[in-house]
Amino acid sequence: MGLAADRAQLVRRAALLHDIGKLGVANAILDKKSQLSPEEWKAVYEHPRITRRILERIAPFHEMAVIAGEHHEKLDGSGYPDHLKGSDLSIESRIVAVADVYAALSEDRPYRAGIELDETLSIMSKLIPVQLDADCFEALVSVVSSRRDDATAPMPQIIGSPLGYSFKNRGFKSAAFESAL
């Protein structure tokens with residue numbers, strides 16, 4: 001994506017910490033195998049704001065807090081928690097948002113198995129350019145396509161969070177993410 005090395009490092013760190021706000025969401029909600037109630041969704045919708053609050057308390061993490069806290073915002077303003085629109089979102093926030101959608105679709109969740117790569121990319125392509133940034137999506141496609149062509153390379157798990165559902169099975173692959181930047 002042509003980011004300077006310091007900006008790429010900022011994105012990597014924000015991506016690793018983007019779901020730390022799930023500390024403020026009950027495990028019973030995060031691990032629930034059935035549909036969430038409106039009240040439970042309300043708690044889930046707060047986790048990006050909690051992420052921002054946690055990271056803002058550490059002075060050097062202020063900019064990272066903004067990026068990580070915007071990982072559920074969408075270009076059309078339909079995201080959460082602040083309903084920010086395209087011009088209000090930095091390229092760094094857009095990268096983390098695309099990577100988060102990829103992870104959310106492709107990784108196992110308590111309520112469903114992960115979706116296969118082709119279907120994941122197909123679903124994501126329908127969100128371009130209304131919700132997700134086209135350039136960030138193309139960078140993701142480039143990374144996963146290059147990995148698919150190399151049978152020895154592991155498929156990238158773009159974001160892995162110690163607080164995410166997939167902690168036991170997947171991890172952050174910095175080389176894959178770095179090549180997207």
Would you find more than 12 non-hydrogen atoms of other residues, nucleotides or ligands less than 6.0 Å from Arg112 atom CZ? yes
State whether Arg7 and Glu63 are salt-bridged, where the test is any N-O pair (Lys NZ or Arg NE/NH1/NH2 against Asp/Glu carboxylate O) under 4.0 Å. yes
Just say parallel, tilted or perpendicular for the rings of His47 and Tyr80, cut-offs at 30° and 60°. perpendicular
Is there side-chain contact between Pro81 and Glu73, with at least one heavy-atom pair below 4.5 Å? yes
When you look at Leu23 and Ile50, which way does the side chain to side chain contact (heavy atoms under 4.5 Å, CB included) test go after all the steps? CA-CA 8 Å; Leu23 287 169; Ile50 296 168; 5.9 Å; no
Drop me the distance from Leu10's CG to Leu3's CG, to the nearest 0.5 angstrom. 9.5 Å
Under 3.5 Å donor-acceptor, Asp108 side chain and Ala113 backbone: no
Shortest non-hydrogen contact from Pro48 to Gly69? CB-O, 3.3 Å
Please answer: with hydrophobic residues joined when any side-chain heavy atoms are less than 4.5 Å apart, are Leu89 and Leu127 in the same cluster? no
Taking all heavy atoms of Glu40 and all of Leu36, pick out the closest pair and write down the distance. OE1-CA, 3.2 Å
Do Leu121 and Val141 have side chains that get closer than 4.5 Å, going by heavy atoms? yes
Heavy-atom check, side chain of Ile67 versus side chain of Ser93, under 4.5 Å: yes
Just do the side chain to side chain contact (heavy atoms under 4.5 Å, CB included) check on Val96 and Cys136 with the steps written out, would you? CA-CA 9 Å; Val96 175; Cys136 296; over 6 Å; no
Side-chain donor/acceptor of Asp82 to backbone N/O of Leu84, under 3.5 Å: no
Between the main-chain N or O of Lys22 and the side-chain N or O of Asp19, is there a donor-acceptor pair closer than 3.5 Å? no
Distance-minimising heavy-atom pair for Pro110 and Leu30: CG-O, 3.5 Å
How far apart are the closest heavy atoms of Leu75 and Pro129, and which atoms are they? CD1-O, 3.3 Å
Can you check whether Phe137 reaches Leu132 side chain to side chain, under 4.5 Å on heavy atoms? no
Minimum heavy-atom separation for Ala139 to Met1, with atom names? CB-SD, 3.6 Å
Using a 4.5 Å cut-off on heavy atoms from C-beta on, say whether the side chain of Val98 contacts that of Met124. yes
Say you draw a straight line from CZ of Arg109 to CD1 of Ile115; how long is it, rounded to the nearest 0.5 Å? 10.0 Å
Would a 4.5 Å heavy-atom cut-off, applied to side chains only, mark Lys74 and Val130 as touching? no
For the side chain of Thr120 and the backbone of Tyr102, is there at least one donor-acceptor N/O pair under 3.5 Å apart? no
Between Asp88 and Glu70, is there a side-chain heavy-atom distance shorter than 4.5 Å? no
Spatial distance of atom CD (Gln9) from atom CZ (Arg13) [nearest 0.5 Å]: 4.0 Å
Least distance between heavy atoms, Ile128 atom then Ala134 atom: CG2-CB, 3.4 Å
Heavy atoms, side chains only, cut-off 4.5 Å: are Glu46 and Val25 in contact? no
Rounded to the nearest 0.5 Å, how far apart are CG of Asp100 and CD1 of Ile95? 13.5 Å
As an exercise, state the distance from CZ of Arg52 to NE2 of His71, rounded to the nearest 0.5 Å. 11.0 Å
What's the separation between atom CD in Glu138 and atom OG in Ser125, rounded to the nearest 0.5 Å? 9.5 Å
